[in-house]
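Residue numbers start from 1 in every chain, and the chains themselves are labelled A, B, ... in the order their sequence lines are given, proteins ahead of strands. We use all heavy atoms of the structure for the numbers below, so side chains are in, but hydrogens, waters and symmetry mates are not. The structure presented is a predicted model; accordingly, all values stated were derived computationally and were not measured.
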Amino acid sequence: MSTGTVQIALPAKRRRALPGTLVGAIIVLGASLAMAFFPGLFAPYDPTAFDYNAIMQAPSAAHPFGTDNFGRDMLSRVIHAYRIDMQIAVFATTAPFVFGTIVGALVGYVGGWAEALFGRVVDAVITFPFLVLVIAIVSVLGPGLGNMYIAVGVIGWVFYARLVAAEIKIQRRLDYADAARGMGYGHTRIIFRHLLPNAITPAVVYWMTDMALAILLGSSLGYLGLGAQPPAAEWGVLIADGKNFMTTAWWVSVFPGIAIVITGLGFSLAGDALADLLRVNR
Amino acid sequence: MTVPMPGGGLKVRGLTTTFVTPRGRATVVDGISLDVAPGEIVGLVGESGSGKSITLRSIVRLVREPGKVSGQVEWQGRDLMAMSEADLRKVRGAEIAMIFQEPMTALNPVLPVRLQIEENLSAHTTLDRRARRQRALELMNIVGIPAAERRLDEYPHQFSGGMRQRVMIAIALASSPKLLLADEPTTALDVTIQDQILKLILDLRDRFGMSVLFVTHDLGVVAATCDRMAVMYAGRIVETGTVAQVFAEPHHPYTRGLLGSVPRIGAERSMLLSIEGAPPGLIDLPEGCAFHPRCAFATDRCRAERPPLERFAAGREVACFHHRTVAAMAEAA
């Protein structure tokens, strides 16, 4: 202060700190999407190119994730698998989310017989383990990604519908719902404009978590040979490729597994971050 | 409460609402008849659980399952009870608007105020986008929200309780309704805000010739705003008249009890009287007059027979066998 100038602390612009979960989700999912859209930019080799001079090589500078029994570069295969696995995450969950939300909103709003009927559907679905049911449907329809989406869609919407129906049931009893009816608004307007925006949060959060589960499911089916078909690079398929060499070439199975864990973590973080963000305005 | 009135007001006859519950059948609104003339403010008074809010909702058939509404509600010559759901929707919000007790919960939390006002306009008027925006702003000014232009884009949680109630009134007024059904609109507000809202409602009545059916348990509010009043007990109307008449000369012991429990400025200091006992459960109402277990005037006849609501003077009705005695007592006191 000897110079006589007075320093004024300007009030820092008030800014809400981004939640850590959101930062994590953005980093992981951003990187995942980048690799899904532009695998060529990241993969050092062609994922399907055989190299008989480099079979089953342990991780090294030339092949950071090692090579498989055909000498294919595992890093490149794991990166190219992002395309299929991210696609599974989105495709296998979006249709159930949309359809389940609409059905759930209607069931919750109508109540009575609709709820009773829907309750039986829920009972029927949750009686079976999800994975077993999906495997049963896929084995009837035939293996492949398309049929996997169908199988997941046929069952998955029930869980979204159940969440939304419960939430709509609460919302429709609140004063603002009565007020909307008192204003003479039609049912469609009340359901989709007034109730649903207040009721959809749990479904959106579950949607994110479900994407992680969908990747696990896709990998499981890929592993069992019911999902993506070789030689396509898909993490479950990659793990299955390596299962015979677990003791001699662990890297073939382990690196795709790590990719699954990290991507799943990204979606879980996104779910948590959304739950936090969507609660703010309450 | 039947006064001859010129043309279309609200005419309710024998309105009955029952709920079938696992514990039995509850008649929450039991054969209510009342009229609201154009430009008139009628107060519907009673304790919690006397059925006054359900009465209000029954008028526009806003009662949820398992509630069943019967009777006749004539609005400008049309029977609302016989109307199709689609036709009724054109009446609700457009001709008959409703405001609720809890301004904290009666607005949609996720929509900005502007949308909620404009929504009523797009549902019930043919105004285009621009006109709707303009009308929304005008309504915010009518209900006295400062900095209306800026506040239109805010969400309900950014408003205080009194301001939210104003927003709700603005939404209700959007399509210039002829009748406002007000369900304890000031109960959740503190008294200074309450006074502002009441003045606003009176002012709107004067400016737009709107009728108001005002449900409240607050006799002070009735005295300050209403022209006529109806006192409800256990789902029935037990006394009607102009506010001045009823306050000056209550004819039903229950009304007398209600008035006795309100402190008065200027009167000699005296104990406030409370009404002994609690309102009866609506599933097993007492035989005869529902009020007899709490009534000092009750006789064997009251216990056996239910007194009908009868006219005893111009514009005055009461449902009590001993109303002359009650009125005489009031005068003596």
With a 3.5 Å cut-off and no angle check, do the side chains of [X] and [Y] form a donor-acceptor pair?
X	Y	answer
T21(A)	D272(A)	no
E47(B)	H217(B)	no
S53(B)	D183(B)	yes

Exercise for review: Tell me whether the guanidinium CZ or amine NZ of R189(A) lies under 6.0 angstrom from the six-membered ring centre of Y185(A) and within 45° of its axis.
Suggested key: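 The answer is yes, since R189(A) meets both limits relative to Y185(A).
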Considering only heavy atoms and a distance below 4.5 Å, find which of [options] pairs most often with chain A.
options	value
V60(B), L107(B), L88(B)	L107(B)
N120(B), L115(B), L181(B), N108(B)	N108(B)
H124(B), M168(B), Q158(B), E119(B)	E119(B)

Point to revise | For G266(A) against A25(A), the heavy-atom pair lying closest together | key: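 Scanning both residues, the minimum pair turns out to be O-CB, 3.8 Å.
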Check your understanding: Considering the options W207(A), Y206(A), F99(A), which one meets the ring pair (Phe, Tyr, Trp, His ring centres under 6.0 Å) requirement together with W157(A)?
Key ->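 Among W207(A), Y206(A), F99(A), the one that satisfies the ring pair (Phe, Tyr, Trp, His ring centres under 6.0 Å) with W157(A) is F99(A).
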Point to revise | Toward chain B, the part of R173(A) with a non-hydrogen atom under 4.5 Å | key: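 Both parts, backbone and side chain.
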Point to revise | Verdict with reasoning, Y176(A) to H194(A), per side chain to side chain donor-acceptor pair (under 3.5 Å) | key: CA-CA 8 Å; Y176(A) 78 88; H194(A) 288 261; over 6 Å; no
Check your understanding: By number, which residues in residues 89-102 of chain B have some heavy atom less than 4.5 Å away from chain A?
Key ->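 R89(B), R92(B), G93(B), I96(B), M98(B), F100(B), E102(B), listed by number.
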Check your understanding: Given that the side chain runs from C-beta out, which part of A172(B) has a heavy atom under 4.5 Å from chain A: side chain, backbone, both or neither?
Key ->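 Contact with chain A is through both the backbone and side chain of A172(B).
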Point to revise | Y149(A): partners by ring-ring contact (aromatic ring centres under 6.0 Å, His included), with sequence neighbours left out | key: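 Y149(A) satisfies ring-ring contact (aromatic ring centres under 6.0 Å, His included) with F91(A) only.
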